[in-house]
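What follows is a short report on a single structure.
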Amino acid sequence: MLCSGIRTFTGPDRSQTLLLPAAIEDYVGADNLVRFIDAFVDQLSLAELGFVSARPERTGRPSYHPGDLLKRFIYGYLNRVRSSRRLEAETHRNREVIWLLHQLRPNFKTIAELCGQNRKAFKQVFRDSVVLCRQLNLYGRELIAVDG
């Protein structure tokens, strides 16, 4: 494309069909952090930890699995996305989150309710994650002191 007589590079036409990876699996590399989150949450016994999920009315839609919501919460925590509304936005645009949640898109209210109903369980999950990281030598265990 020419702009003031200078040749410039532009992206393809937005209406052009793209050949993206056919499988969502191709969006996430083998060493991506979301694979650790997925494996970590899948090995947890959520019932033993005390996680409860919403009980919908008989005529309502089934609730999301608490493990999927926990994965989204942990992803947000590790990526400094604390707002439940921002987490909801990530489910629509972030390929890692789309992979992690199997294309589920729970809204902001659902994640906020999960946190409110499962405070004690969340504390235990984070304790377990610290223990696992220590076992895997992922922490350097250096002492850092800041004065003043």
Quiz item: Would you say the side chain of Q124 lies within less than 4.5 Å of the side chain of K120, judging by non-hydrogen atoms?
Solution: no
Quiz prompt | salt bridge (charged side-chain N to carboxylate O under 4.0 Å, His left out) involving K123 - partner list, sequence neighbours excluded | solution = none
Quiz item: For R86, what residues pass the salt bridge (charged side-chain N to carboxylate O under 4.0 Å, His left out) criterion, not counting sequence neighbours?
Solution: none
Quiz item: Quick one: are W99 and R35 in side-chain contact, heavy atoms under 4.5 Å?
Solution: yes
Quiz item: Just wondering, more than 12 heavy atoms not from R119 lying within 6.0 Å of its CZ?
Solution: no
Exercise. May I ask you to test the L87-F108 pair for a side-chain heavy-atom distance under 4.5 Å?
Key: no
Exercise. Write down the atom of G50, the atom of A121, and the distance for their closest heavy-atom approach.
Key: C-CB, 4.1 Å
Exercise. Give the intermediate values and the outcome of side chain to side chain contact (heavy atoms under 4.5 Å, CB included) for residues L104 and I98.
Key: CA-CA 7 Å; L104 295 175; I98 291 169; over 6 Å; no
Quiz item: Can you tell me how far the CD1 atom of I74 sits from the CG atom of N79, to the nearest 0.5 Å?
Solution: 12.0 Å
Self-check item: Residues forming a salt bridge (charged side-chain N to carboxylate O under 4.0 Å, His left out) with D31, sequence neighbours excluded
Solution: none
Quiz item: Does E48 CD have over 12 foreign heavy atoms under 6.0 Å away?
Solution: no
Quiz item: If every non-hydrogen atom of N32 is compared with every non-hydrogen atom of V34, which pair is closest and at what distance?
Solution: OD1-N, 3.0 Å
Quiz prompt | Contact summary for L46 and P66, nearest pair of heavy atoms | solution = CD1-C, 4.1 Å
Practice problem: Decide whether Y27 and E96 meet the rule of one side-chain donor and one side-chain acceptor closer than 3.5 Å. | Solution: no
Quiz item: Should I111 and E88 count as side-chain neighbours, where that means a heavy-atom distance under 4.5 Å?
Solution: no
Quiz item: Do the rings of F122 and F73 sit parallel, tilted or perpendicular, given the 30° and 60° boundaries?
Solution: perpendicular
Practice problem: Determine whether V125 and V131 fall in the same hydrophobic cluster, where Ile, Leu, Val, Met, Phe, Trp and Tyr are linked whenever their side-chain heavy atoms lie under 4.5 Å apart. | Solution: no
Quiz item: Can you check whether L44 reaches L70 side chain to side chain, under 4.5 Å on heavy atoms?
Solution: yes
Exercise. Taking side-chain contact (heavy atoms from CB on, under 4.5 Å) as the test, write out the residues that go with L33, two or more places apart.
Key: F36, I37, L78
Quiz item: Would you say the side chain of Y75 lies within less than 4.5 Å of the side chain of L101, judging by non-hydrogen atoms?
Solution: no
Self-check item: Nearest heavy atoms of G67 and V41, plus distance in Å
Solution: O-CG1, 3.5 Å
Quiz item: Any chance CZ of R85 has more than 12 other-residue heavy atoms, nucleotides or ligands included, within less than 6.0 Å?
Solution: no
Self-check item: All pairs passing salt bridge (Lys or Arg N to Asp or Glu O under 4.0 Å) where residues 36-45 contributes a residue, at least two apart
Solution: D38-K71, D42-K71
Quiz item: If only atom types and distance count, is the side chain of E113 paired as donor or acceptor with the main-chain N or O of T110 below 3.5 Å?
Solution: no
Exercise. Check whether any side-chain N or O of R72 sits under 3.5 Å from a backbone N or O of L100 as a donor-acceptor pair, and report yes or no.
Key: no
Quiz item: To the nearest 0.5 Å, what is the distance between CG (L69) and OH (Y64)?
Solution: 8.0 Å
Quiz prompt | Under the salt bridge (charged side-chain N to carboxylate O under 4.0 Å, His left out) test, residues paired with E90 that sit two or more places apart | solution = R93
Quiz item: More than 12 non-hydrogen atoms from neighbouring residues, nucleotides or ligands closer than 6.0 Å to OH on Y77, yes or no?
Solution: no
